[in-house]
Protein chains: 2
Amino acid sequence: MFELDLRSRSPMYEQLVEKIKDLIINNVLKPDEQLPAVRVLASELTINPNTIQKAYRELEHRGYIYSVPGKGSFVKPAVAGDHDARLRALENELLRIISEMLYLGAYPADIITRIQTHLFKDEGGQPDD
Amino acid sequence: MFELDLRSRSPMYEQLVEKIKDLIINNVLKPDEQLPAVRVLASELTINPNTIQKAYRELEHRGYIYSVPGKGSFVKPAVAGDHDARLRALENELLRIISEMLYLGAYPADIITRIQTHLFKDEGGQPDD
DNA sequence: CAACTGTACTACGCATGCTAGTACATACAA
DNA sequence: TTGTATGTACTAGCATGCGTAGTACAGTTG
């Protein structure tokens, strides 16, 4: 289900956080769906359970999952207003990236077009599973 | 000229790279403009010259500056096609961020509007220095 | 020459990522 | 109850990377 790059400079638990977060925000992992157990995922990835737990702890802290001792870890349904600061940070990041793309020679109209395509690509469609 | 966050998890040299890159892509630092000398900047920031040199080396490797032994380090003029891979990576990052914003409840029309404002805000204007 | 530039290298202290191992509490089914 | 699943919390050790300190060398400029 997941793949890690052992040679990356960023730590494995951080990669895990990003991968799982991506699956959540792209609705591949549905709300309240159960995530792989700490030990199971650790076994699959042949890494230490502590590393998985660290990733889950981080995801819980960021509001993307919730964990119940004895039951498991689950995708947390998005709550409006719960990620307000995060949303502002993302907007800053977005504009920063666009600035850099402009500097590198990208055309404004081109950027807009790609974004619009991306924004409306899921309208009425099914996720390819 | 620069400010560093000693408490950040990301290393100082990496922060420096980002800050300087931002100044370059926002045209605060002009092409062929000389950057502060390694030892000078180190003294100003009260950090080690090696850390500055590491940041400069990284910036040179990424194609944002060039260094000439005995003379100094300078802003490298942007060359079309020179940052092609970087541009593709930025586009991926851009779409990834938008996906997350949508997941967090942002409105597509709102996102487009903000981007357009950003794209055309510099038309005929001056950078606020 | 002197004084500036970038560059290269070693050594040390320290923080962090990751692993290994152990342990405990809860949930659930036999 | 027992067994097995779950998450969680520790300790300990090792490797890596960051940052500092210090030294040294080469090219540029006056």
Side-chain angles (χ1 to χ4, degrees), chain A residues 1-21 24 29-77, chain B residues 1-21 24 29 31-76:
Chain A
M1 190 171 200
F2 308 103
E3 297 161 12
L4 294 182
D5 180 10
L6 298 177
R7 296 168 190 170
S8 170
R9 313 103 202 97
S10 73
M12 290 193 291
Y13 83 91
E14 192 66 38
Q15 292 180 50
L16 255 180
V17 167
E18 291 304 316
K19 296 239 178 193
I20 295 175
K21 198 189 68 182
I24 293 176
L29 293 174
K30 319 288 184 186
D32 292 314
E33 179 174 343
Q34 183 166 7
L35 293 167
V38 168
R39 293 172 182 79
V40 172
L41 186 52
S43 166
E44 282 183 9
L45 300 179
T46 59
I47 61 177
N48 197 277
N50 293 332
T51 305
I52 308 291
Q53 205 238 325
K54 191 168 186 178
Y56 280 13
R57 190 194 312 149
E58 182 63 25
L59 280 164
E60 184 166 23
H61 180 255
R62 295 190 195 176
Y64 289 97
I65 73 173
Y66 62 94
S67 297
V68 184
K71 301 193 70 173
S73 297
F74 307 86
V75 175
K76 185 173 178 182
Chain B
M1 191 172 198
F2 308 104
E3 296 161 12
L4 296 182
D5 180 9
L6 298 177
R7 296 168 192 170
S8 171
R9 312 102 201 98
S10 72
M12 290 193 293
Y13 83 91
E14 193 66 39
Q15 293 181 47
L16 254 179
V17 167
E18 292 305 316
K19 296 240 178 190
I20 295 175
K21 197 188 69 181
I24 293 176
L29 293 174
D32 292 313
E33 179 174 344
Q34 182 166 8
L35 293 167
V38 168
R39 293 173 181 79
V40 172
L41 186 51
S43 165
E44 282 183 10
L45 300 178
T46 58
I47 62 177
N48 197 279
N50 292 332
T51 304
I52 308 291
Q53 206 238 322
K54 192 169 186 178
Y56 280 12
R57 190 193 310 149
E58 182 64 24
L59 281 165
E60 183 167 24
H61 179 255
R62 295 190 194 176
Y64 289 97
I65 72 173
Y66 62 94
S67 295
V68 184
K71 300 193 70 173
S73 298
F74 306 87
V75 175
K76 185 173 176 180

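Labels below follow one simple rule: chain letters A, B, ... track the order of the sequence lines, proteins then strands, and each chain is numbered from 1. This one's a predicted model, so the numbers in the text were calculated from it and none came from an experiment.
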- Message: Expressed as a whole number of angstroms, how long is the span from B/L45:CG to D/dT20:C1'?
- Response: 15 Å

- Measure the distance from CD on B/Q34 to P on C/dC4 and round it to the nearest whole Å. 14 Å

- Task: Kindly point out which of C/dC18, D/dA9, C/dT7 is positioned nearest to the side chain of A/T51?
- Result: C/dC18

- Message: Quick test of your reading of the model: are A/E18 and A/K21 salt-bridged, counting only N-O distances below 4.0 Å?
- Response: yes

- Item | Cationic N near anionic O, under 4.0 Å, A/K54 to A/E58 | no

- Item | Side chain of A/V38 (C-beta onward), nearest among D/dT8, C/dT7, D/dA21 | D/dT8

- How many Å lie between CZ on B/R39 and P on C/dG6, as a whole number? 7 Å

- Can a side chain N or O of B/K71 be found less than 4.0 Å away from OP1 or OP2 on D/dT29? yes

- Check: D/dG22 base within 3.5 Å donor-acceptor of B/N50 side chain: yes

- On DNA chain C, more 5' by nearest nucleotide between A/P69 and B/S73 is B/S73

- Is there side-chain contact between A/I20 and A/Y56, with at least one heavy-atom pair below 4.5 Å? yes

- Query: Got a donor-acceptor contact below 3.5 angstrom from the B/E60 side chain to the B/S73 backbone?
  - Reply: no

- Query: What nucleic acid atoms does A/E60 come within less than 4.0 Å of, heavy atoms only: base, sugar-phosphate, or nothing?
  - Reply: sugar-phosphate

- Nearest-Å distance, CD (A/Q53) to C1' (C/dC18)? 14 Å

- Query: To the side chain of A/A37, which of C/dA27, C/dT19, D/dG7 is closest?
  - Reply: D/dG7

- Item | Closest listed nucleotide, where the reference is the side chain of B/Y13 and the choices are D/dG19, C/dT19, D/dG7 | D/dG19

- Query: A/R57 near the nucleic acid: base, sugar-phosphate alone, or nothing, with a heavy-atom cut-off under 4.0 Å?
  - Reply: nothing

- Item | Flag side-chain contact, heavy atom, 4.5 Å: A/L29 against A/I65 | no

- Which part of the nucleic acid, if any, lies within reach of A/E14 when heavy atoms closer than 4.0 Å are counted: base, sugar-phosphate only, or nothing? nothing

- Message: Measuring from the side chain of A/K54 (C-beta onward, heavy atoms only), which nucleotide among D/dC18, D/dA21, C/dG17 has the closest atom?
- Response: C/dG17

